[in-house]
J.: 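The structure follows.
Please read these numbers as outputs of a predicted model, since none were measured by experiment.
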Amino acid sequence: MRFFRSAAFFAALFFSLTAAGAELSRSVVPLTLTEGEFAGGRIYLQVRIGNVMGPMRLDTGASSTRLRLAPWNKDMPVFGQSFSTGASGATMQCDEVEAPKVELVADQGNNVARTNYAVTRCPASDGDDLLGIDFFRGARFSLDIDLRELVFFGAMTANGQPKPVRRLGPDRRLIGIDLHFGKTGSVGLFDSGAEVSAVDQRFVRKHKMLFAAVNAKAGASGVAGARIASKLYKIKSLDLGDGRVLNDVYVISYDFGGLRAALGREVSFLIGYNVIKRFEWDFDFRTPDSPTWDARLK
């Protein structure tokens, strides 16, 4: 995606999410969707970084916000290096840089901002710039794809029975959710950056009876935009607990490889766009050591 420079001084109010536990005013950030085959799609929102504004892809499967190297961000101060791991498990070396202010542009209430925010800047590629899960530290928010809304500090909309998040990844920032394929338990990564939900090939081979092969082509994109070879299946039954059951869900399947090593062997599923859109979601990250999730089936 391309960011464009603002020609005018931007004086809208914003609030910071740094004060965990603080109950702040309701803000509604509008979402833009691009939808594709097998009920899949991508989620974008408008983001302002300094005096530059443009769309970023919402990617809760990314532990940090990731920018592609571009003229407008090349002078951000570098304070370290890291490796960015994509859906295929492939990695690329990136710089850790500091952005003076990153704001989500709201159409109701105040903009949602972080100041002196650490982001990952990677080499230029065909992939999108990504808003990662670490932006949401200290926040309580709801996500509804059908309403095209990301709501901060509003009324909780799901079942009112929050469950603890399974904290995943080396830095334990990522959202894991306990689920069942039929009667077989597993853990799914809540990954809004996944166009279609995905399952590890190893899990499919071990539990063939839980899946039905689909005679169609499918694909996935890695962290740099490269396509990943995959097969297409339908899950016969996907159960998130408390009556939240979906049947005949499309999923792509590929070898999680390095992703498996990064997330843990118990993680066999990426909860992608086509599953996320079937629920209203609530998340509460105001207590860093005990975040919660809730969802209501539509």
J.: Leu238, Leu297: one ILVMFWY side-chain cluster at the under-4.5 Å cut-off?
T.: yes
J.: Whether the Asn274 and Ser197 side chains hold a donor-acceptor pair (N or O, under 3.5 Å, no angle test) is what I'd like checked.
T.: yes
J.: Checking the side chain of Arg173 only, and the main-chain atoms of Ser63 only, is there a donor and an acceptor separated by less than 3.5 Å?
T.: yes
J.: Of Phe283, Phe152, Phe153, Trp293, which meets ring-ring contact (aromatic ring centres under 6.0 Å, His included) against Phe136?
T.: Phe152
J.: Distance check, rounded to the nearest 0.5 Å: Asp134 atom CG versus Tyr117 atom OH?
T.: 3.5 Å
J.: Short question: side chain of Asp144, backbone of Asp146 - any donor-acceptor pair under 3.5 Å?
T.: yes
J.: Spell out, as yes or no, whether a donor-acceptor pair under 3.5 Å connects the side chain of Asp294 to the backbone of Asp282.
T.: no
J.: Using only atom types and a distance under 3.5 Å, with no angle test, would you say the side chain of Arg244 pairs donor to acceptor with the backbone of Ala295?
T.: yes
J.: Just distance, no hydrogens or angles: give the donor-acceptor pairs under 3.5 Å from side chains in residues 266-273, sequence neighbours left out.
T.:
residue : atom : partner : partner atom : Å
Glu266  : OE1  : Arg166  : NH2          : 2.6
Glu266  : OE2  : Arg166  : NH2          : 3.0
Ser268  : OG   : Ser186  : OG           : 2.4
Tyr273  : OH   : Glu35   : OE2          : 2.6

J.: Given 3.5 Å as the limit, does a donor-acceptor pair link the side chain of Ser192 with the main chain of Leu58, or not?
T.: yes
J.: Any donor-acceptor pair under 3.5 Å linking the side chain of Lys101 with the backbone of Arg48?
T.: no
J.: Rounded to the nearest 0.5 Å, what separation is found between the CG atom of Asp107 and the CD atom of Gln46?
T.: 11.0 Å
J.: Out of Gln201, Arg260, Arg202, which one pairs with Asp255 under the side-chain hydrogen bond (donor to acceptor under 3.5 Å, both in side chains) rule?
T.: Arg260
J.: Any link between Val78 and Val119 through a network of hydrophobic side chains (Ile, Leu, Val, Met, Phe, Trp, Tyr) touching at under 4.5 Å?
T.: yes
J.: Distance from Arg278 atom CZ to Arg296 atom CZ, nearest 0.5 Å?
T.: 15.0 Å
J.: Just verifying a value: how many Å separate Thr65 OG1 and Met56 CE, rounded to the nearest 0.5 Å?
T.: 5.5 Å
J.: Considering residues at least two apart in sequence or located in another chain, which fulfil the side chain to side chain contact (heavy atoms under 4.5 Å, CB included) criterion with Arg167?
T.: Val165, Arg172, Asp289, Pro291
J.: Return the CZ to CG distance between Phe135 and Leu104, rounded to the nearest 0.5 Å.
T.: 3.5 Å
J.: Just jot down the side chain to side chain contact (heavy atoms under 4.5 Å, CB included) partners of Thr32, sequence neighbours excluded, or say none.
T.: Tyr44
J.: Where does the angle between the aromatic ring planes of Phe211 and Phe181 fall among parallel (under 30°), tilted (30 to 60°) and perpendicular (over 60°)?
T.: tilted
J.: When you check the gap from the basic side-chain N to the acidic O, do Asp248 and Lys234 get nearer than 4.0 Å?
T.: no
J.: Output yes when a side-chain donor or acceptor of Asp178 lies under 3.5 Å from a complementary backbone atom of Val187, and no otherwise.
T.: no
J.: In terms of relative ring orientation, are Phe141 and Phe285 parallel, tilted or perpendicular, with 30° and 60° separating the classes?
T.: perpendicular
J.: With a 4.0 Å cut-off, would you call Asp59 and Arg57 a salt bridge?
T.: no
J.: Can you list the steps and then say if Ile43 with Leu33 is a side-chain contact (heavy atoms from CB on, under 4.5 Å)?
T.: CA-CA 5 Å; Ile43 307 169; Leu33 310 178; 4.1 Å; yes
J.: Are the side chain of Asn73 and the backbone N or O of Arg68 linked by a donor-acceptor pair below 3.5 Å?
T.: yes
J.: What's the separation between atom CD1 in Ile177 and atom CG in Leu168, rounded to the nearest 0.5 Å?
T.: 9.5 Å
J.: Report yes if some heavy atom in the side chain of Thr120 is under 4.5 Å from a heavy atom in the side chain of Ser82; otherwise report no.
T.: yes
J.: Got a donor-acceptor contact below 3.5 angstrom from the Thr60 side chain to the Phe190 backbone?
T.: yes
J.: Begin from the C-alpha positions of Gln108 and Val151 and carry the test side-chain contact (heavy atoms from CB on, under 4.5 Å) through to its verdict.
T.: CA-CA 9 Å; Gln108 297 179 42; Val151 180; over 6 Å; no
